[in-house]
Q: 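Below is a structure I'd like to ask you about.
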Amino acid sequence: MARHLERVSDTSVGEGSDPRRPANGEGAKDREGQRPVGRHIGDLLVAQGLIAQRQLEEALAQQKRTNEKLGTILVRLGFIGEEQLVQILSSQYGVPIVRLSEMTVDPEIFRLVPAWVAKRYELIPVQRANGALTLAMADPINLSALDEVAFTTGLQVVAAIAPLSEIRKAIEQFYETSPSPMADLLTEVAAEVGELDVALRGEGERPIDAVELRASAERAPVVRFVDMILDDAIRRGASDIHLEPHQNGLCVRLRLDGILHEAMNVAKRLEPAITSRIKIMADLDIAERRLPQDGSIKFRYQSREIDLRVSVLPAIFGEGVSIRILDRETVKLDLTHLGFDPWSLEQLQTAVHSPYGIILITGPTGSGKTTTLYSAISTVNSGQINIMTVEDPVEYILKGVNQIQVNEEIGRTFAAVLRSFLRHDPDVILVGEMRDLETAQVAVRAALTGHLVLSTLHTNDCPSTIDRLLDMGIPSFLVSSSLRLILAQRLVRKVCTECRELYEVDEESLIPFGHIPQGRGKCTMYRGKGCQTCNLTGMKGRVAISEVMPITKELRERIMHHAPTVEIREVARRQGMKTLREAGLLKAIEGITTVAEVLRATAE
């Protein structure tokens, strides 16, 4: 294999190098003998005259909105070239430069690193020698990437740097044309289950035997295949996995950023083995195929444990399986990171620190209500107050919080647990959902006796929540005196930061969609072209858009007199509330999402 590693300064990739530290592990020295490793990359570029201070400030402003790496932003804006960025990073961190366009890499070297690792961390293996693997990386100090490759390959890893465009091109050339490991394993599963399939279905009328079914589910290829489905879904950031039986096969779909995407189709004869394997993992009855079943799985992914909630539902063509992925590592329980505008955040924080009252978070399933609830609880969880929650299910374990799981089969309902809470001296109570009148009545009673109650309700917006409470049977005087704040929210997809492109629109053109002009004139917005990072959708990740309605004195009077929803909405907007549509369009103007995505998630 030809080798072209351009050394920078006096650094070298030694045989005994620490795989977690690039090059000599200390970083190159500048002309005055000072190590620039701790200096900001932007300051270095300004100091060397490569960019102006004004350009740095513009890039930093964009970084606050997008969380991209500063160097990537500077290149995208055209302030520096990709080659200049590589040179400055190489000098700063003391790593060699790799010229991928001038290298011939043995395909066996590529196979040492799985495709998903290469794509996730944007790296490519280029050389193996003396038990060490050299990686071409755009971010040579990404310790997570170095650790992942070291763990996966069992080799020491040494970082080198290459232009991001060259790395992506190399990944596309090799990994996109290589046979899929999932497809290879699926072929192996089919071969293993083939003979058993005759025994299970050959007679036509004979029911599937539980012993034979367990035997097929515990065969090594089936076990690995199911593990690979779960691993791939978690790696891609899916929130749910759906295994849907059809007449001629089993369809596997993943919910990515709120949208379902088809991952694969599996032969019909493999369906019983795959479904039974998931049942075994969730400790369910594999012989029961007529009734719904619910269970959970503790799945080990890399170095962390992921909770999987499994629901099995019999359908006309077989058993459908839905798996909810609860990954604590991906949840940031911080109100300031949820995308609230300054006014809404201030109102919510004020309400959360109130000594009593009810805070309601509304929205459909999958709109991020639980994350917002937990974030609010984390805000007041100082160790000096008693916080108690009743949930169904308990999705995340919160340190210092007393959490209770609902179990209706033994009478442990929301209302029953709430009544018991009041005898345990709580300061803050979290109710997973107000499902019935009894639960709502106990929650209102708790709020009126000096407790702060947080809960969720399924309504479309803040004003209609009042009607829902009245419709449940809560008297208007209790609703007006107990409510502190209502928050309605939705999740919208964000524009992919890897493939987004600029375009301009006139602010006036957004008025028909519900935007209130603010004198911006021309607005710079973004849209995604589609790339491998975002699965060619142009969208990656999600952010909340919120409608926050604090219950003021004027609103209490309107609620007391059964004012119509339209009137309550007008009063709330006059006092500062932005509707979901207005909040979403502001996110689009800020370049976070698109107008089309906001229109999809909201209604006027």
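Just so it is clear, the model here is predicted, and its values are computed rather than measured.
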Q: Main chain of Glu501, side chain of Lys529: is a donor-acceptor contact present, judged purely on distance under 3.5 Å?
A: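 Side chain of Lys529 to backbone of Glu501, a donor-acceptor pair under 3.5 Å: no, none is there.
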
Q: Are the side chains of Glu391 and Leu373 in touch, meaning some heavy atoms are under 4.5 Å apart?
A: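 Glu391 does not reach Leu373 side chain to side chain.
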
Q: Can you tell me how far the CZ atom of Phe421 sits from the CG atom of Leu430, to the nearest 0.5 Å?
A: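 Between atom CZ of Phe421 and atom CG of Leu430 there are 9.0 Å.
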
Q: Do Ile516 and Arg573 make a side-chain contact, defined as non-hydrogen atoms from C-beta onward lying under 4.5 Å apart?
A: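 Contact flag for Ile516/Arg573 side chains = yes.
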
Q: Got more than 12 heavy atoms from elsewhere within 6.0 Å of CD, Gln53?
A: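 Correct, the count exceeds 12.
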
Q: Quick check for you: to the nearest 0.5 Å, what is the distance between Arg490 atom CZ and Arg542 atom CZ?
A: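 Taking CZ in Arg490 and CZ in Arg542, the distance rounds to 13.0 Å.
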
Q: Backbone N or O of Val548 within a donor-acceptor pair of the Ser546 side chain at under 3.5 Å?
A: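 Not at all, since once roles are kept as given, no pair shorter than 3.5 Å links the two residues.
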
Q: Between Glu554 and Arg558, is the salt bridge (charged side-chain N to carboxylate O under 4.0 Å, His left out) condition met? List the steps.
A: CA-CA 7 Å; Glu554 187 176 356; Arg558 296 293 200 283; 3.5 Å; yes

Q: Is any side-chain heavy atom of Asp392 closer than 4.5 Å to one of Glu433?
A: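 Glu433 does not reach Asp392 side chain to side chain.
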
Q: Verify, without hydrogens or angle tests, whether Asn386 (side chain) and Asp427 (backbone) share a donor-acceptor contact under 3.5 angstrom.
A: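 No.
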
Q: Quick check: do Met539 and Cys534 have side-chain heavy atoms less than 4.5 Å from each other?
A: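 Side-chain contact under 4.5 Å: no.
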
Q: Using every non-hydrogen atom in the two residues, find where His451 and Leu422 come nearest and quote the distance to one decimal.
A: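 Minimum heavy-atom separation between His451 and Leu422: CE1-CD2, 4.0 Å.
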
Q: Is it the case that over 12 heavy atoms from other parts of the model lie below 6.0 angstrom from the CG atom of Asp436?
A: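 Yes, enclosed.
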
Q: Can a donor-acceptor pair be found, under 3.5 Å and without considering hydrogens, that links the side chain of Asp307 to the backbone of Leu326?
A: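 Between the backbone of Leu326 and the side chain of Asp307 there is no qualifying donor-acceptor contact (under 3.5 Å).
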
Q: Show the nearest heavy-atom pair for residues Leu70 and Ala59, with the distance to one decimal.
A: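 Shortest heavy-atom contact: CD1-CB, 3.7 Å.
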
Q: Measure the shortest side-chain to side-chain distance between Ile545 and Arg581 over non-hydrogen atoms and say whether it is less than 4.5 angstrom.
A: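 Answer no - side chains too far apart.
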
Q: From Ile559 CD1 over to Asp467 CG, what is the distance, rounded to the nearest 0.5 angstrom?
A: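 The CD1 atom of Ile559 sits 10.0 Å away from the CG atom of Asp467.
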
Q: How close do Gly432 and Phe414 get, heavy atom to heavy atom, and via which atoms?
A: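 That closest heavy-atom pairing would be N-CE2, 3.7 Å.
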
Q: In Å and rounded to the nearest 0.5 Å, what is the CZ to OG1 distance from Arg468 to Thr362?
A: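 Separation between the atoms: 12.0 Å.
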
Q: We want to know whether Asp461 and Ser464 form a side-chain donor-acceptor pair, criterion being a heavy-atom distance below 3.5 angstrom.
A: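 Distance-only check passes for Asp461 and Ser464.
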
Q: Checking side chain to side chain contact (heavy atoms under 4.5 Å, CB included) between Ile358 and each of Leu483, Ile429, Leu454, Leu469, which is the one that passes?
A: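 Of the listed options, the one satisfying the test is Leu483.
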
Q: Are Thr594 and Arg527 close enough that a side-chain donor and a side-chain acceptor fall under 3.5 Å?
A: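 The criterion, which ignores hydrogens and geometry beyond distance, is not satisfied for Arg527 and Thr594.
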
Q: Just by distance, do the side chain of Arg255 and the backbone of Ser239 share a donor-acceptor pair under 3.5 Å?
A: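 No; zero donor-acceptor contacts below 3.5 Å.
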
Q: Identify the two heavy atoms, one from Leu348 and one from Phe340, that lie closest to each other, and give their separation to 0.1 Å.
A: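 Heavy-atom minimum between the residues: CD2-CZ, 3.7 Å.
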
Q: One pair to check against side chain to side chain contact (heavy atoms under 4.5 Å, CB included): His424 and Asn402. What are the steps and the verdict?
A: CA-CA 11 Å; His424 285 260; Asn402 302 299; over 6 Å; no

Q: If every non-hydrogen atom of Ser509 is compared with every non-hydrogen atom of Val505, which pair is closest and at what distance?
A: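 So the two residues come closest at OG-CB, 4.2 Å.
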
Q: Test your reading of the model: is there a side-chain donor-acceptor pair from Glu547 to the backbone of Leu580, 3.5 Å cut-off?
A: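 Such a contact is found between Glu547 side chain and Leu580 backbone.
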
Q: Minimum heavy-atom separation for Arg493 and Glu597, please, with both atom names.
A: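 Arg493 and Glu597 have their closest heavy atoms at N-OE2, 2.9 Å.
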
Q: Step by step, work out the side chain to side chain contact (heavy atoms under 4.5 Å, CB included) result for Thr372 and Thr456.
A: CA-CA 10 Å; Thr372 303; Thr456 68; over 6 Å; no

Q: Does a side-chain heavy-atom distance below 4.5 Å link Leu308 with Met281?
A: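 No, side chains not in contact.
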
Q: Is the count of non-hydrogen atoms from other residues, nucleotides or ligands lying under 6.0 Å from Tyr356 atom OH greater than 12?
A: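 Counting other residues, nucleotides and ligands, OH of Tyr356 stays at 12 neighbours or fewer.
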
Q: From Leu491 CG over to Gln489 CD, what is the distance, rounded to the nearest 0.5 angstrom?
A: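 It comes to 6.0 Å.
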
Q: Is there a side chain to side chain contact (heavy atoms under 4.5 Å, CB included) between Ser480 and Ile551 once you walk through the steps?
A: CA-CA 8 Å; Ser480 66; Ile551 308 301; over 6 Å; no

Q: Do the side chain of Ser344 and the main chain of Asp341 share a donor and acceptor less than 3.5 angstrom apart?
A: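 Checked: no pair found.
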
Q: What verdict does the side chain to side chain contact (heavy atoms under 4.5 Å, CB included) test give for His353 and Thr379, after you've listed the backbone C-alpha separation in whole Å, the side-chain angles of each residue and the deciding distance to 0.1 Å?
A: CA-CA 9 Å; His353 287 91; Thr379 299; 3.5 Å; yes

Q: Return yes if some donor-acceptor pair links the side-chain N/O of Lys587 with the main-chain N/O of Val492 below 3.5 Å, else return no.
A: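 Checking the backbone N and O of Val492 against the side chain of Lys587, no donor-acceptor pair under 3.5 Å is found.
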
Q: Could you please spell out the steps behind the salt bridge (charged side-chain N to carboxylate O under 4.0 Å, His left out) verdict for Asp231 and Arg235?
A: CA-CA 6 Å; Asp231 187 271; Arg235 176 185 60 80; 5.1 Å; no

Q: So, does Arg412 use its side chain to make a donor-acceptor pair with the main chain of Gln405 at under 3.5 Å?
A: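 Yes, Arg412 side chain to Gln405 backbone: donor-acceptor pair under 3.5 Å.
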
Q: Drop me the distance from Leu256's CG to Asp240's CG, to the nearest 0.5 angstrom.
A: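 With rounding to 0.5 Å, CG (Leu256) is 10.0 Å from CG (Asp240).
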
Q: Less than 4.5 Å apart, side chain to side chain, heavy atoms only: is that true for Thr537 and Asp257?
A: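 Result no, sub-4.5 Å side-chain heavy-atom pair not found.
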
Q: Please tell me if the side chains of Val442 and Val431 come closer than 4.5 Å, counting only heavy atoms from C-beta onward.
A: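 No, every pair of side-chain atoms sits at 4.5 Å or beyond.
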
